[in-house]
Student: 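Attaching a single structure in structure tokens format; questions to follow.
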Amino acid sequence: MDSKAKRPLRVKVISMGNSEVGKSCIIKRYCEKRFVHKYLATIGIDYGVTKVKIKDRDVKVNIFDMAGHPIFYEVRNEFYKDTQGALLVYDCASKESFEALDTWLNEMKREIGNPAEIENVVFCVCANKTDRQKRTVDEAEGRIWADTHGCYYFETSAQTGEGINEMFQTLFSTIVEACENGGKPPSISTSLGYTKEQAEAIQRLKNSKSDWERLGLYPGSSKDEINKAYRRLAVLLHPDKNVAPGSEEAFKILVSARTALLRGK
Ligand code: GTP
Ligand code: MG
């Protein structure tokens, strides 16, 4: 037996995201297999340890569960360093918490300082509370953010348990893989298969309020202008050419926006 390969590993994982998005509940669901309805804000930081076995290897995971509230910045900022894995959590019924992911990532980058250290962190985005009815951030939007920031993406519910084990399993096995590979996790951003422009076109079509806006035109544009804008976007969005999440839906929106605008001509 190769004793070196079986050496127990110690890894550090942190949780990030706005307050009340469910960071502590996700960790509790995984470690204690239970869910707490009542909101108990984390004060500064919570620390816990869990042991897992990944590919025949004992792994001791130190989990630092951060408080999301801005008043705890001074307390949590010293815990970013020497991290192998990070959960970036948002509530899929809160656009604000989704938009805050950039701020969280930037806070971590600022505190760590060294870009090479950030590159070695395995990030898992958790679109949490999928059990809730009123969803305001759809799956495609979340996936695109994760893809374009080199993160894994999971739909989770700490309440029902959806996605939690899969998420931690991916996180831990990627960390172990990275440790066996000199600390470097496998790159997921190079296999994207779509451009930023394609991803942005999808979001614009889905989030625009009027058909004019969907085609990037001003009200009253001519038939020629409508067709020209349509053709440009159709090339960007056609599902045969665009493999980004949500391209099919965006293409359908584009076709009906053009039809509606031409009908008025
Ligand atoms: P801070 O510690 O303040 O940063 O918040 P947190 O992100 O740790 O949130 P916490 O895990 O304490 O959960 C906040 C509230 O959301 C609690 O009332 C939980 O019961 C609820 N909650 C967490 N996860 C879920 C979920 O998946 N579904 C639903 N419906 N509620 C959830
Ligand atoms: Mg908490």
Side-chain angles (χ1 to χ4, degrees), residues 11-50 52 61-81 83-112 121-143 145-146 149 151-172:
V11 304
K12 175 180 165 184
V13 166
I14 62 171
S15 69
M16 299 187 278
N18 280 7
S19 55
E20 277 193 68
V21 295
K23 300 178 293 298
S24 303
C25 284
I26 287 175
I27 294 164
K28 199 166 257 131
R29 161 63 71 190
Y30 180 75
C31 296
E32 298 173 25
K33 314 268 176 281
R34 65 191 183 99
F35 176 72
V36 184
H37 281 273
K38 193 169 180 294
Y39 173 44
L40 292 162
T42 304
I43 308 297
I45 205 130
D46 263 348
Y47 169 71
V49 184
T50 188
V52 286
V61 187
N62 294 295
I63 305 181
F64 292 82
D65 175 26
M66 296 189 172
H69 199 280
I71 57 167
F72 297 115
Y73 169 67
E74 294 294 335
V75 185
R76 64 175 183 256
N77 65 3
E78 64 194 80
F79 290 94
Y80 281 115
K81 283 202 176 357
T83 293
Q84 280 83 41
L87 310 186
L88 270 166
V89 186
Y90 67 92
D91 173 351
C92 65
S94 157
K95 195 97 182 164
E96 191 189 338
S97 70
F98 172 65
E99 286 166 354
L101 292 185
D102 283 302
T103 313
W104 282 99
L105 204 51
N106 287 338
E107 179 174 304
M108 182 178 188
K109 284 180 181 166
R110 198 173 55 237
E111 291 310 318
I112 290 185
V121 179
V122 180
F123 288 98
C124 285
V125 169
C126 304
N128 194 41
K129 307 200 188 183
T130 50
D131 56 278
R132 287 176 74 181
Q133 300 296 320
K134 275 194 165 173
R135 190 166 178 155
T136 51
V137 187
D138 67 18
E139 185 178 342
E141 205 169 350
R143 266 190 200 284
W145 192 94
H149 290 79
C151 308
Y152 289 94
Y153 173 85
F154 291 90
E155 301 249 300
T156 61
S157 165
Q159 181 165 322
T160 66
E162 183 205 340
I164 307 283
N165 283 343
E166 293 88 330
M167 187 272 295
F168 277 108
Q169 191 63 33
T170 301
L171 179 67
F172 298 150

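Starting from 1, each residue takes its place in the sequence as its number. When a ligand or atom number is given, it counts from 1 through the structure's own listing order.
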Student: Residue-level breakdown please: for S157 versus ligand 1, do any non-hydrogen atoms fall below 4.0 Å on the side chain, on the backbone, on both, or on neither?
Tutor: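 Both the backbone and the side chain of S157 come within reach of ligand 1.
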Student: Go through ligand 1 atom by atom and flag the ones less than 4.0 Å from a non-hydrogen atom of A67.
Tutor: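 Once the distances to A67 are compared, the set is 4 (O).
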Student: Hey, is D131 touching ligand 1 through its side chain, its backbone, both or neither, going by heavy atoms under 4.0 Å?
Tutor: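 Side chain only; the backbone of D131 stays clear of ligand 1.
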Student: Quick one about Y90 and E96 (side-chain donor to acceptor, distance below 3.5 Å, no hydrogens or angles considered), yes or no?
Tutor: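 Result is no, nothing qualifies.
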Student: Does any N or O of ligand 1 fall below 3.5 Å from an N or O anywhere on D65, backbone included?
Tutor: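 No; the residue has no nitrogen or oxygen that sits under 3.5 Å from a nitrogen or oxygen of the ligand.
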Student: Should M66 and I14 count as side-chain neighbours, where that means a heavy-atom distance under 4.5 Å?
Tutor: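 Result yes, sub-4.5 Å side-chain heavy-atom pair found.
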Student: So does S19 have any N/O/S atom less than 2.8 Å away from the Mg ion (ligand 2)?
Tutor: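 Checking S19: none of its N, O or S atoms is under 2.8 Å.
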Student: Can you find an N or O of A41 that's nearer than 3.5 Å to an N or O of ligand 1?
Tutor: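 No, no N or O pair falls under 3.5 Å.
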Student: If I apply the N/O under 3.5 Å rule, does V36 come out as touching ligand 1?
Tutor: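 It does: an N or O of V36 is found under 3.5 Å from an N or O of ligand 1.
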Student: With atoms numbered from 1 as shown, which atoms in ligand 1 lie under 4.0 angstrom from a non-hydrogen atom of N128?
Tutor: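 Near N128, the atoms of ligand 1 are 24 (N), 25 (C), 27 (O).
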Student: Take the angle between the ring planes of H69 and F72 and call it parallel below 30°, perpendicular above 60°, tilted in between.
Tutor: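 The arrangement is perpendicular - the two ring planes meet at more than 60°.
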Student: Checking the N or O distance criterion of under 3.5 Å, is ligand 1 in contact with H69?
Tutor: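 No; the residue has no nitrogen or oxygen that sits under 3.5 Å from a nitrogen or oxygen of the ligand.
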Student: Considering both backbone and side-chain atoms of T42, is one of its nitrogen or oxygen atoms within less than 3.5 Å of a nitrogen or oxygen in ligand 1?
Tutor: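 Right, the criterion is met.
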Student: Ligand 1 and G17, any nitrogen or oxygen pair closer than 3.5 angstrom?
Tutor: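 No: no nitrogen or oxygen of G17 is under 3.5 Å from one in ligand 1.
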Student: Taking distance alone, with N or O pairs closer than 3.5 Å, would you say K129 contacts ligand 1?
Tutor: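 Yes; at least one N/O pair falls below 3.5 Å.
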Student: Is there a heavy atom in I27 that sits closer than 4.0 Å to ligand 1?
Tutor: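 It does not; every heavy atom stays at 4.0 Å or beyond.
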Student: Ignoring hydrogens, just give me the one of C25, C92, A158 whose non-hydrogen atom is nearest atom 27 (O) of ligand 1.
Tutor: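 Shortest heavy-atom distance from atom 27 (O) of ligand 1: A158.
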Student: Please determine whether M66 has a backbone or side-chain N, O or S atom lying under 2.8 Å from the Mg ion (ligand 2).
Tutor: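 It does not; every qualifying atom lies at 2.8 Å or beyond.
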Student: So, R132 side chain and C92 main chain: donor-acceptor pair closer than 3.5 Å or not?
Tutor: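 Between the backbone of C92 and the side chain of R132 there is no qualifying donor-acceptor contact (under 3.5 Å).
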Student: Which ligand 1 atoms are under 4.0 Å away from a heavy-atom of S19?
Tutor: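 Taking each heavy atom of S19 in turn, ligand 1 has 1 (P), 3 (O), 4 (O), 5 (O) under 4.0 Å.
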Student: Please tell me whether D65 and Y47 have a donor and an acceptor in their side chains that are separated by less than 3.5 angstrom.
Tutor: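 Per modelled atom types, D65 and Y47 side chains form no pair under 3.5 Å.
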Student: Polar-atom distance check: Q159 versus ligand 1, any N or O pair below 3.5 Å?
Tutor: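 Yes, at least one N or O pair falls under 3.5 Å.
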